[in-house]
Amino acid sequence: MEPKIAEKAWDPKLENAILKKWKEEKLYDFQLSDNNYTIDTPPPYPSGRPWHIGAASHYAQIDMIARTARMSGKNVYFPIGIDRNGLPVELYTEKKHGIRMRETERGEFLELCKNALDDLEAEMIQIMKNLGLSGDFKNYYRTDSEDYRKFTQETFIDLWKKGIIYLATRPNNYDWVSGTTIADAEIVYEEIPTKLVYMKFITKETKKEIIIASTRPELLCACKTVIVNPNDERYSDLIGKELIVPLTNSEVKITPHHSAKIEFGSGAVMVCSYGDQNDVALFRELQLDEVIAIGLDGRMTEVAGEYQGLKPKQARTKIIEDLENANLVEKIEDISHRTPLSERSKTPIEIVPMEEYYLKQKDSLEKMKKLGEEIEFYPNMHKQILMNWLESISIDWPISRRRFYGTEIPIWYCNECSEPFVPEPGKYYRPWKDKCPAKKCVKCGNTEFTGEERTFDTWMDSSVSPLFVTKFNRDEEFFKKTYPTAIRPQAKDIVRTWLYYTLLRCEKLTGEKPWSEAWIMGYGLDEKGMKMSKSKGNAIDPLPVIEKSGADTFRFWSASEINQGYDFRCSEQKIESTRKFLSKLWNVSRFLSSFPVIKSGQLSESDKWILSELDKLISVCKEGYSKYNFFIPSTAIREFTWNIFAAQYIEIAKARAYGIGFTDEERDGAIFTLHKVLSTILKLLAPITPFITEHLWQTLYSQDSIHKENLPNIENLDDMSEMTQLLSEFNSKVWNEKKQKELSLKDSIKIDVPETLNQFKKDLIAMHNLESN
RNA sequence: GGGCUCGUAGUCUAGCUCGGUUAUGACGUCGCCUUUACAUGGCGAAGAUCCGGUGUUCAAAUCACCGCGGGCCCA
């Protein structure tokens with residue numbers, strides 16, 4: 001009989017036609033019902049080209065979550081969004097156009113960023129579509145749209161009214177040349193020659209000299225403590241004692257701290273506000289009172305006494321001179337020091353306290369821990385990242401940024417008395433260009449205002465994603481039926497940011513947790529296990545890989561190669577080699593397509609055996625799917641299809657399926673079983689490889705989409721798995737013996753079927769053309 | 001520098017919870033074979049200091065401790 005499937009291999013080019021058909025049939029369009037399963041899809045950030053292949057793999061797996069839920073009878077709401085706020089696009093735009101943000105008119109700069117995002121986003125959307133994501137592309141959202149930003153501002157205004165937002169001063173990276181705070185991402189480090197000055201401090205009690213080495217002697221006036229390593233025996237009897245600071249003659253305590261390196265300098269380190277980031281951490285940890293020694297003009301302040309008005313470098317030269325004159329210097333070493341510089345101005349940054357907005361979180365930590373406990377994590381080990389983070393939070397969340405491409409903080413200040421004005425929600429506000437909606441200041445009656453120029457931290461936007469997609473404060477019925485959402489899938493590197501902030505914000509706004517499950521994926525590394533980056537040149541562009549190998553190949557690679565939650569290595573060669581399995585599946589289907597699909601037949605013992613193995617496979621797959629672990633079903637299906645079904649059962653049943661030497665009833669048993677197994681495999685595999693399964697399903701079994709089917713159920717058949725190894729051992733024995741005797745597989749041979757396989761005797765004799773005994 | 005996390009052939013992985021066979025399977029590599037629906041196939045081979053060390057034990061990939069290495073986040 002001619003096979004219905006003529007082509008000898010799966011052609012990934014067929015995927016386009018299938019995509020088109022799905023779109024025409026509106027197969028994945030979402031209609032609200034009572035059985036909704038909402039995915040809090042991560043909106044990817046278009047930060048550059050190419051998109052990370054690990055991210056593409058990540059989205060392929062999120063789609064498997066959606067398809068698994070759909071084939072489990074859920075009404076799946078799978079929104080698609082793009083995160084477009086934040087620093088990376090600003091840096092990308094500056095580089096692309098050779099401009100600087102602060103030297104460009106704000107509106108013009110925003111336009112350039114927007115265009116850059118549009119280009120990058122188009123590529124990401126294309127990849128997501130090509131991968132076969134069954135998401136709601138028709139309504140895809142952007143976090144920088146007027147609607148989304150209005151929503152972000154509304155949630156801020158709500159929290160402002162609840163009194164959860166406040167202003168406070170904290171140390172910031174400050175580039176006094178360009179007059180701005182800068183983000184950590186804008187700092188570059190350079191080895192710069194400098195002087196390490198060994199200064200003489202005096203113990204208050206015994207008047208003993210203690211030598212302290214520092215590269216920043218001009219900060220003596222801001223010195224608040226001296227730290228020594230608790231294991232440093234030289235100082236163990238001085239811990240807790242007072243020291244007199246040279247020149248300023250103020251008194252500071254000696255504190256033990258592990259960050260003091262015994263071998264650096266004298267082992268004792270002065271802690272000043274602020275010489276470096278370690279000082280910031282220590283001031284916070286030891287709760288020291290900060291002294292502002294360097295002002296926003298980049299010069300020493302009045303606390304520096306006679307050095308006031310000098311730049312830090314000038315003050316350093318002068319203070320070294322004065323220390324030497326007072327015989328307070330033991331020695332000076334010329335060293336090379338890793339110095340943080342502003343990427344823009346290439347001058348050393350200073351750490352200067354500045355006023356920023358904060359969102360209260362410290363008093364919610366217990367509640368967050370409780371919610372964290374309630375949420376099911378996949379895999380469970382990654383819950384620890386959240387719990388450890390909750391343990392270590394020591395300050396409230398700073399939410400304002402001195403950047404342009406973000407949601408504007410909706411506040412105006414009275415020009416007379418600085419009283420802030422926060423507008424009513426319901427409109428998208430841009431205080432840097434919009435007129436203040438208030439006529440006059442409620443406090444002093446003045447009518448002139450200045451708009452806030454700062455924007456929100458980008459997590460302020462993305463942390464309300466589950467509320468935005470469920471139409472919180474927009475559509476009450478929709479919200480009630482979709483929130484809390486079912487699951488938050490995301491990568492593990494942003495558990496402490498996106499996952500935590502979402503938990504915090506949604507709880508503050510709704511009183512409920514945003515999801516009951518969190519699915520955490522590992523990180524995509526290169527083939528040697530190193531992080532991929534454009535500068536290292538080891539980044540793999542996913543688009544050509546998917547175009548060449550096909551989405552299903554890429555998806556099956558992702559499922560079968562990545563252990564849930566663990567980091568994974570990406571290599572094109574490995575992805576391409578996964579295609580062989582799809583080829584196998586195709587050819588199994590091609591062979592079966594030469595037999596009619598029939599409803600029943602008389603089952604032989606071999607049929608019962610393979611059906612019992614199939615039953616086991618269903619059970620393993622469903623267990624894996626229930627944990628959103630696609631490694632389990634993909635590897636189990638490959639193993640079953642290749643090594644049991646194709647290699648053993650099809651060979652055993654082939655002769656009977658052709659009907660030579662068997663009754664019609666016996667023949668039909670084989671044909672029925674072949675199709676039953678294949679159709680079940682297709683359904684089990686549909687969430688992982690939606691294209692090839694759809695094509696084969698529609699060619700062989702139905703006009704309708706396989707993606708409207710439910711996953712198969714187990715039938716609790718008798719376990720015959722002890723037969724599997726016996727059968728394959730016997731078959732191998734016969735094949736090998738024929739090979740040794742240089743016989744064709746069709747040739748007859750005299751081998752006795754062992755007692756243990758007696759029940760399969762008729763099939764085995766026909767299969768191997770055994771001389772009957 | 002701190003916290004967390006992981007470590008089984010070149011790569012992915014089973015086994016580890018609860019110690020006991022020759023450490024599972026796959027990809028890749030190499031060799032042989034036009035032979036079945038499939039050479040995009042079949043058969044076979046090589047390939048592991050189970051990260052290292054110490055301890056507990058008759059017995060350790062498995063348990064405990066100390067290291068080392070990768071990754072992530074924070075600084």
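Reminder, nothing fancy here: chain letters follow the sequence lines and each chain counts from 1.
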Is any side-chain heavy atom of [X] less than 4.5 Å from a side-chain heavy atom of [Y]?
X	Y	value
A:L585	A:R638	no
A:F645	A:I610	yes
A:D83	A:P44	no

Reckon [X] touches a base, only the sugar-phosphate, or nothing at all at heavy-atom distances under 4.0 Å?
X	result
A:K574	base
A:F568	nothing
A:D276	nothing
A:Y658	sugar-phosphate
A:W642	sugar-phosphate
A:A646	base
A:K584	base

Can you identify which nucleotide, out of [options], has its nearest atom closest to the [X] side chain?
X	options	value
A:R638	B:G41, B:A39, B:A26	B:A26
A:F631	B:A37, B:U5, B:C12	B:C12
A:R569	B:U11, B:C27, B:A37	B:U11
A:N587	B:A26, B:C38, B:U11	B:C38
A:E651	B:C4, B:A14, B:U36	B:U36
A:D567	B:U5, B:G71, B:G25	B:G71
A:N736	B:C43, B:G25, B:A37	B:C43
A:D493	B:C38, B:C72, B:A37	B:C72
A:L525	B:G71, B:U40, B:A37	B:G71
A:S583	B:U13, B:U40, B:C38	B:U40

[atom1] gap between [N] and [M], integer Å:
N	M	atom1	value
B:C65	B:G25	C1'	34 Å
B:A14	B:C51	P	14 Å
B:C50	B:C33	C1'	36 Å
B:U49	B:U62	P	16 Å
B:G28	B:U22	C1'	24 Å
B:C16	B:C32	P	40 Å
B:G10	B:A48	P	7 Å
B:C12	B:U34	C1'	32 Å

Does a donor on one side chain sit under 3.5 Å from an acceptor on the other, for [X] and [Y]?
X	Y	answer
A:D457	A:W397	yes
A:Y658	A:R667	no
A:E290	A:Y274	yes
A:N731	A:Q648	yes
A:D763	A:S606	yes

Residue whose nearest RNA chain B nucleotide is more 5′ - A:E639 or A:S589 |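 It is A:E639 whose nearest nucleotide is closer to the 5' end.
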Whichever of A:F591 and A:Q384 has its nearest RNA chain B nucleotide further upstream toward 5' |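 Result: A:Q384.
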Can you tell me if the side-chain N/O atoms of A:K580 get under 4.0 Å from OP1 or OP2 in B:G28?
->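 The answer is yes; a side-chain N or O of A:K580 sits under 4.0 Å from OP1 or OP2.
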OP1 or OP2 of B:G2 less than 4.0 angstrom from a side-chain nitrogen or oxygen of A:N278, does that happen here?
->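 No.
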Can we say A:E356 and A:R401 salt-bridge, meaning some charged N sits less than 4.0 Å from an Asp/Glu carboxylate O?
->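 No.
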Would you state whether a donor and an acceptor, one from the side chain of A:K492 and one from the base of B:C72, lie under 3.5 Å apart?
->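 No such pair is found, so the answer is no.
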Classify the angle between the aromatic ring planes of A:F595 and A:F591 as parallel (below 30°), tilted (30 to 60°) or perpendicular (above 60°).
->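 Plane angle over 60°, so perpendicular.
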[N] [atom2] sits how many Å from [X] [atom1], rounded?
X	N	atom1	atom2	answer
A:Y523	B:G7	OH	P	20 Å
A:R579	B:A39	CZ	P	15 Å
A:K8	B:C38	NZ	P	5 Å
A:R496	B:A75	CZ	P	9 Å
A:W389	B:C72	CH2	P	17 Å
A:N563	B:C16	CG	P	14 Å
A:N769	B:U35	CG	C1'	15 Å
A:N388	B:C72	CG	C1'	12 Å

Determine which bases of RNA chain B form Watson-Crick or G-U wobble pairs with both distances under 3.5 Å, and write the result as a 5' to 3' dot-bracket string with | for other-strand partners.
-> (((((((..(((.......[....))).(((((.......))))).....(((((..]....)))))))))))).
Sole candidate of A:K574, A:R555, A:R569 that passes salt bridge (Lys or Arg N to Asp or Glu O under 4.0 Å) when paired with A:E561 =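 The passing option is A:K574.
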